[in-house]
Amino acid sequence: MDMVVKPTQETAYELLHRGAIALSDISSNGVRVDTEYCERAFTELTGEIEDLEDELHALPEMKEWRRVKGRKLDLGTNDQVAELLYDRMGLDPARKTGLAQKRAVDADSLMQLDVEWIPRLIRWRRLGKARDTYLSSILREAVDGYLHPLFKLHTVPTFRSSCSNPNFQNMPIRNPEIGRIIRSAIIPRPGRQILELDYSGAEVRVAACYHKDPGMIRYILDPSKDMHRDSAGDCYVLPPELVDKHIRFSGKNDFVFPEFYGSYWANVAQSLWTSSAKLEIRDGENMRDHLARQRVRVQIPRPRGDRTSWEWGTVHLDGPEPFSWHIRMVEKKFWGERFPVYARWKEDWWDGYLKRGYIDMKTGFRCSSVMGRNDCINYPVQGAAFHCLLQSAIDLNDWLLYNKLDTVIIGQIHDSLVLDVVPAELDDVLEAAVRTMGPELREKWPWIIVPMEVEADLAPVDRSWHEKKEIKLAA
DNA sequence: TACTTCGGCGCC
DNA sequence: AAAGGGCGCCGAAGTA
């Protein structure tokens, strides 16, 4: 493939070189792991996986399969799972896969089928993922009790980093059970503790440096405002005070970020609707029931010939269709009222690329390959947001070395740094981190027009990464 | 045996 | 007018 991005400015060239050195220090420092724990967890998981397998194979559908085919259904062979569900059981697939247009059997599609044993199949896959991807790779890659993940700067079109052997950037955390199993294996050096420093809302803030939308900047500057909470309230027809952390999580990951990355109402409504099945509001009422009680003004499609016209009407949100019309209205408000300048910037930015044939990142890289509309808008944000973290990694690493601290950086996850900290050095490290990642970065890069805020999570001395908890930072 | 592709799934 | 950005690793299945 053609070179997509080039460092066109001296500073960008410098950033790549110094970044590569800092990342190689980080690789070389290494991540301590508890391999004995991994062995135990591996065995335990295997027991649970085999029990689930036995349970599933005892189901009538599976026994019938065995009778007809002469052998057990292989749970890991998606073609067989699809044949069972969509041919033999006559269910309708929720969607088709990519080029081959096979009937999809991913967890999201399966959950829409309302088959009693599907959650057990999904759990079987999830435990298998934990064992065969994460525990296996830790055991395989550990050398004398340490991992040395390889951080690369030359593989990604946006000039983000990538990581392999093992990939330290996708260790489970969202599923609490799996997060605990895997992150319990990541431990500090004896007598030390694991510290994680995150930029909060890095991509949102860097995007604001491009589009300068006043509504977005108000959200960023005013700590009492929260765009994810407000958007979740719009999607689920709730006042902000009834948006709890689960509802907010769905608003953020099923609506706000997909909209930023270029998705649109029909697709977004689908995942919101799926999430709504599991959400509860204040009194324990199911979100679906709450939505069904709502009457909202929406535009309803009226097919006329080969075109669709939209007419105003009032509907209950009692099914995926009326809900998608409602989300279409929420989207109009999102781009038209909340963030109109951002919306305008996207159009102008895309026009600029079509005219010139390239776009320039704030950090001095030029993207000049063939890009689609979404690529064109997302690449400069994704790249520059990571470059903030990369510059911070360089500066903090230099500071630790120059001041001869024993604390080391052991990993980097796009907008966060993971450190193995000597407790006596903790306060100094925190102070240096807040300074270099915040005001000093802005001094270097005046294009950053909003504060870059850092959050810190700390695990107790001698405890694993899983036990990290947020700590307060002096402002 | 070695390699590639695909679907699936973990993270930001 | 089009319609979710970026990664790496797994197992299964196909190909050389």
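Letters go in sequence order (proteins before strands), and every chain restarts at 1.
The separation between A:H414 atom NE2 and B:dC12 atom C1' is 5 Å, rounded to whole Å.
The residue A:A107 sits close only to the backbone: its heavy atoms come under 4.0 Å of sugar-phosphate atoms, none of a base. Looking at heavy-atom distances under 4.0 Å, A:A266 makes no contact with the nucleic acid at all. Contacts of A:A202 with the nucleic acid, taken as non-hydrogen atoms under 4.0 Å apart, are absent.
Regarding contacts with the backbone of B:dG7, a side-chain N or O of A:T97 is found under 4.0 angstrom from either OP1 or OP2. The phosphate of B:dG10 has neither OP1 nor OP2 within less than 4.0 Å of any side-chain N or O from A:R174. Of the side-chain N and O atoms in A:T133, none sit less than 4.0 angstrom from OP1 or OP2 of B:dG10. Distances shorter than 4.0 Å separate some side-chain N or O of A:Y379 from OP1 or OP2 on C:dG6. Distances shown here put a side-chain N or O of A:R140 below 4.0 Å from the OP1 or OP2 atom of C:dC10.
Of the residues near DNA chain C, A:N267 and A:T77, the one whose nearest nucleotide (by heavy atom distance) lies more toward the 5' end is A:N267.
A centroid separation of less than 6.0 Å is found between the aromatic rings of A:F260 and A:F334.
The base of B:dG10 lies close enough to the side chain of A:N170 for a donor and an acceptor atom to sit less than 3.5 Å apart. A donor and an acceptor atom sit less than 3.5 Å apart, one in the side chain of A:K129 and one in the base of B:dC9. Under 3.5 Å, the side chain of A:R160 and the base of B:dC12 form at least one donor-acceptor pair of N or O atoms.
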